[in-house]
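Only one structure is covered here, and it is reproduced in the block below.
Sequence lines set the chain letters: A, B, ... in the order given, protein chains first and strands last, and positions in each chain run from 1. These numbers were taken from a predicted model, which means no experiment stands behind them.
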Protein chains: 2
Amino acid sequence: MTLTAPSRRSSPAEDTAVVTTSVVVFTIRGRRLELLLVGRRSEPFRGYWNLPGGNVLPEEDLQVCAERKLREKAGVEGVYLEQLYTFGRPDRDPRGRVVTVAYYALVPPSRLRQPAAADAGMVGWFALDGLPALAFDHGEIVGQAHRRLVAKLDYSTIAYQFMPEAFTLSQLQGVYESILGEPLDKRNFRKRVLGLGHLVETGTVCRDGSHRPAKLYRLRNPRTVEIIK
Amino acid sequence: MTLTAPSRRSSPAEDTAVVTTSVVVFTIRGRRLELLLVGRRSEPFRGYWNLPGGNVLPEEDLQVCAERKLREKAGVEGVYLEQLYTFGRPDRDPRGRVVTVAYYALVPPSRLRQPAAADAGMVGWFALDGLPALAFDHGEIVGQAHRRLVAKLDYSTIAYQFMPEAFTLSQLQGVYESILGEPLDKRNFRKRVLGLGHLVETGTVCRDGSHRPAKLYRLRNPRTVEIIK
DNA sequence: GCAAAAGTGTTCCAGATACACCCATGT
DNA sequence: ACATGGGTGTATCTGGAACACTTTTGC
């Protein structure tokens, strides 16, 4: 039934697969939604880009594996990370059976290390609408991650995960507009977002140009994503 | 539960795992949401119930594996089946590293075979609020499946997947009430559901008691689940 | 004629949308 | 003084929620 009895599992390679995690790491830079890719240096798909990821270690939890990849490739920890979908087509990797548990992560641009590469290897940030050809089925994974992100925008507070500790309402609106790809009405946006009561004024302001300073806000409950409406 | 793990079959050399699928098979019988469980005849968790599922075959797609389990244990094909989440805690199976890709399925009660068991083995339908203790982390899987189902109820037409070809609005309302666990207003329900335009009258009626016959409806696009609003 | 479920409209309220001007600052 | 983004209120529309009686049938 669910599992073959241990006694019958004579050949150890039988019914096993390599399990990996891949992470779609999103950030927002310059009002554009971008994601992190890693250049492949070996076959298959040498010279292509793919998502950061790798094998799940024998005693490692799936989520922990994704966190590790995030640390190794993006150099960040403690950011929003959610399981997305599991990809397991038998032919998706020419080397053999590989089942990939995909995650997506949201990184505030303020948390990006300056050389985006943490460990060795070629890594780079790419605008979502301007991706190179991706290895394996990673294009499909990216598409699914983006759809999930857009869907969650309007029934949760997930967008706040792109924000630094303190931020202005205009910055927050910019994040929404970057993900949705369309402009929003300023007054309605502010009315709605303040009406939800998730934000509190810090009391400080942000002066960053020759114009009126903007009030800074912070989350009432940082680190939590709430379902709204 | 106190099983020793003498045959713990982690393969330290290779990062491989046994990959299985498990399926939370929902149906609605007698205005109650029920799901299919299989009795375990061997250790670990002998005598407990668990979800139908089993190893993914070497050349088998994950979804195809779930469909196969659905056929073997529930005796149904072609019903709604969606990937739910992947469970991979290193210690979730005392025999070794097992990564389970969980699915959930919705079966119209009209499609249930009379002896619910297709192949050999003890299987049974259980009301969601009255489940026995489940093996492994299957209780957690069921909880997540139920939450997903409830969430999808009000932004998709997923409930229709429980309906036979032709059905009355009262039957459809009963399905919603069973899943949500609360009564709905008849007029508002009918107004909303007819307003969406997914249903068409068949022209026939259903006489099933000493009262006015009910109009039968069918889906404009059966087999598809649409996102609403 | 009575029991039992089918069928049907209106009012009300809340949340979304559309829309334009003054404010505080740096140069 | 002027350029720049910050900040604010109202009228309207739309979709959801509350709510009770008539209709058709079987017995």
Report task. For A/Phe136 and A/Arg92, work out which heavy atoms get closest and say how close. Result -> CD2-O, 3.4 Å
Query - Option from B/Gln63, B/Glu77, B/Glu60 for which side-chain hydrogen bond (donor to acceptor under 3.5 Å, both in side chains) with B/Arg68 holds - result: B/Glu60
Whole angstroms only, please: what is the [atom1]-[atom2] distance between [X] and [N]?
X	N	atom1	atom2	value
A/Glu182	C/dA18	CD	P	11 Å
A/Arg192	D/dG9	CZ	P	18 Å
B/Leu184	D/dG16	CG	C1'	13 Å
B/Phe189	C/dG7	CZ	C1'	14 Å
B/Leu172	C/dG7	CG	C1'	16 Å
B/Leu196	D/dG15	CG	P	11 Å
B/Gln171	C/dG7	CD	P	11 Å
B/Asn188	C/dC12	CG	P	15 Å

Categorize [X] for me: base, sugar-phosphate, or nothing, with a 4.0 angstrom heavy-atom threshold over every strand shown.
X	result
A/Lys186	base
A/Arg207	sugar-phosphate
A/Asp185	base
B/Ser170	sugar-phosphate

Query - Test item: A/Val175 and A/Phe167 side chains (from C-beta on) under 4.5 Å apart, heavy atoms - result: no
Query raised in the report: Between B/Ser210 and B/Lys229, which is nearer to the 5' end of DNA chain D once each is assigned its nearest nucleotide?
Result: B/Lys229
Report summary line: Sorted by position of nearest nucleotide on DNA chain C, 5' first, the leading residue of B/Arg212 and A/His211 is B/Arg212
Report task. Kindly assign one of parallel, tilted or perpendicular to the pair A/Tyr104 and A/Phe26, based on the angle between their ring planes and the thresholds 30° and 60°. Result -> perpendicular
Report task. Output yes when at least one side-chain N/O atom of B/Arg190 is less than 4.0 Å from OP1 or OP2 of C/dG7, else no. Result -> yes
Query - Spacing of CG belonging to B/Leu134 relative to CD1 belonging to B/Ile141, to within rounding of 0.5 Å - result: 9.0 Å
Query raised in the report: Can you find a donor-acceptor pair, distance only, under 3.5 Å between A/Arg187 side chain and C/dA20 base?
Result: yes
